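For reference, the structure is listed below as structure tokens.
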Amino acid sequence: MRHSLPLTPQFYVTAPQVCPYLEGRVERKLFTALQGNDAERLNNALSRQGFRRSQNVLYRPSCADCAACLSARIRVADFIPSRGQKRALRRGADLYRTATSPWATDEQFQLFRRYLDSRHADGGMADMDIFEFAAMIEETPVKTRVIEYRSRDVAADAPQPLTAVCLTDVLDDGLSMVYSFFDPAREADSLGTYLILDHVEIARRAQLPFVYLGYWVPGSRKMGYKAKFGALEIYKGGVWQPIGDIAAHSGDIHPLSIDPIAEQVARIELPITPEF
């Protein structure tokens, strides 16, 4: 099913599928292709409206009877790490980062497989092979970086093994953490938290106001960690707002209160360019 406006990108809706976050629910996504000379502008504009990038597609949850998925971002200038997050920084103090072009390597893929097998063996990405992994990393029409983390072992002459990786988009107003993974042997070091904290620091130094974390889903244990970050905003009701009381975001919305897809598309603000 396709919905579009004249002279705009084409928007589509996926077929309903089992929700990976909330038991007994069905998910559906609104998406559009990300391509052409204005891909950067479109990615920037739609990221500010709750969309996420996956390769050359921008998508946003648009479920028929649920609005639990809320895009989340950290206000960098106001962020102060909690005591637990400071511990994560200390545990990751042995790591150093390098930013590279979006180019997949066998070392990245081996770490990715260990991560999936340990933490998401039954998830939607569990069967990804090296070619699909390469597509996830390399198929990007926007400014993307692969940020690698390795141990800083001064006693070793050889390069240290890869410890963590984050695929990161550079937006005009922040960093978007597209996907990250790390060595499951260091799960106790809270490396997932460390990667977010390090991206806050990267954004601070680059004078970028936000770090985009993807979707926070109240009621989902998989996504609950995002609400632990201070200065967190969520995109709800068409505006970014402080997360406030977590309990207030139940996501239990009656189907009749959710606008039709065509109305949702009509409210999307697109970048003004001659091509569009």
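Not measured: the values here are computed from a predicted model. Just so you know, these numbers use all the heavy atoms, side chains as well, and skip hydrogens, waters and symmetry mates.
Atom CG of Asp169 and atom OG1 of Thr144 lie 3.5 Å apart (nearest 0.5 Å). Note that OG of Ser54 and OH of Tyr179 are 11.0 Å apart. Values are rounded to the nearest 0.5 Å. Taking CG from Leu162 and OG1 from Thr105, the interatomic distance works out to 6.5 Å, rounded to the nearest 0.5 Å. Rounded to the nearest 0.5 angstrom, Lys29 NZ and Phe11 CZ are separated by 16.0 Å. Distance check: Arg97 CZ to His199 NE2 gives 8.5 Å after rounding to the nearest 0.5 Å. In this structure, the separation between CZ on Arg73 and CG on Asp173 is 6.0 Å, given to the nearest 0.5 Å.
A pairwise comparison of heavy atoms in Ile74 and Gly230 identifies CG2-O, 3.9 Å as the closest pair. Residues Ala164 and Leu195 share a closest heavy-atom pair of CB-CD2, 3.9 Å. The shortest heavy-atom contact between Ala227 and Ile246 is CB-CD1, 3.6 Å. Between Val146 and Ser101, the shortest heavy-atom distance links the atoms CG2-O, 3.9 Å. Across every non-hydrogen atom of Cys63 and Val26, the tightest pair is SG-O, 3.8 Å. Contact detail for Met177 and Val211: the closest heavy-atom pair is SD-CG1, 4.0 Å.
Classified by interplanar angle (parallel below 30°, tilted 30° to 60°, perpendicular above 60°), the ring pair Tyr215/Tyr59 is tilted.
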Take Leu167 and Arg53 through the side-chain contact (heavy atoms from CB on, under 4.5 Å) test and state the conclusion after the steps. CA-CA 11 Å; Leu167 182 65; Arg53 183 183 72 82; 4.2 Å; yes
Evaluate the salt bridge (charged side-chain N to carboxylate O under 4.0 Å, His left out) criterion for residues Lys143 and Glu40: first the C-alpha distance (whole Å), next the side-chain angles of each, then the deciding distance (0.1 Å), finally the verdict. CA-CA 7 Å; Lys143 187 176 181 180; Glu40 291 271 5; over 6 Å; no
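A salt bridge between Glu107 and Arg150 is present, with a side-chain N of the basic residue lying under 4.0 Å from a carboxylate O of the acidic one.
Under a cut-off of 6.0 angstrom, the local environment of CD in Glu263 is crowded, with over 12 non-hydrogen atoms contributed by other residues, nucleotides or ligands.
At distances below 3.5 Å, at least one donor-acceptor pair connects side-chain atoms of Glu138 with backbone N or O atoms of Ala104. Under the 3.5 Å distance criterion, the side-chain polar atoms of Arg152 are matched with a main-chain donor or acceptor of Leu95. Counting only distance, with no hydrogens or angles, the side chain of Lys228 and the backbone of Thr193 share no donor-acceptor pair below 3.5 Å. Looking at Asn44, its side chain does come within 3.5 Å of a backbone N or O of Asp172 through a donor-acceptor pair. The closest donor-acceptor contact from the side chain of Lys226 to the backbone of Leu213 lies under 3.5 Å. A distance-only check finds a donor-acceptor pair linking the side chain of Ser82 to the backbone of Gln85 [under 3.5 Å].
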May I have the list of side-chain donor-acceptor pairs in residues 128-137 shorter than 3.5 Å, sequence neighbours left out?
unit_1: Asp129; atom_1: OD1; unit_2: Phe131; atom_2: N; d: 3.0
unit_1: Asp129; atom_1: OD1; unit_2: Glu132; atom_2: N; d: 2.8
unit_1: Glu132; atom_1: OE1; unit_2: Asp129; atom_2: N; d: 2.9

Listed pairs under 3.5 Å, donor-acceptor, residues 181-192 side chains, sequence neighbours left out:
unit_1: Asp183; atom_1: OD1; unit_2: Ala185; atom_2: N; d: 3.0
unit_1: Arg186; atom_1: NE; unit_2: Asp189; atom_2: OD2; d: 2.8
unit_1: Arg186; atom_1: NH1; unit_2: Asp94; atom_2: OD2; d: 2.9
unit_1: Arg186; atom_1: NH2; unit_2: Arg91; atom_2: O; d: 3.1
unit_1: Arg186; atom_1: NH2; unit_2: Asp94; atom_2: OD1; d: 3.0
unit_1: Arg186; atom_1: NH2; unit_2: Asp189; atom_2: OD2; d: 3.2
unit_1: Glu187; atom_1: OE2; unit_2: Arg119; atom_2: NH1; d: 3.0

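For Gln49, there are no side-chain hydrogen bond (donor to acceptor under 3.5 Å, both in side chains) partners two or more places apart in sequence or in a different chain.
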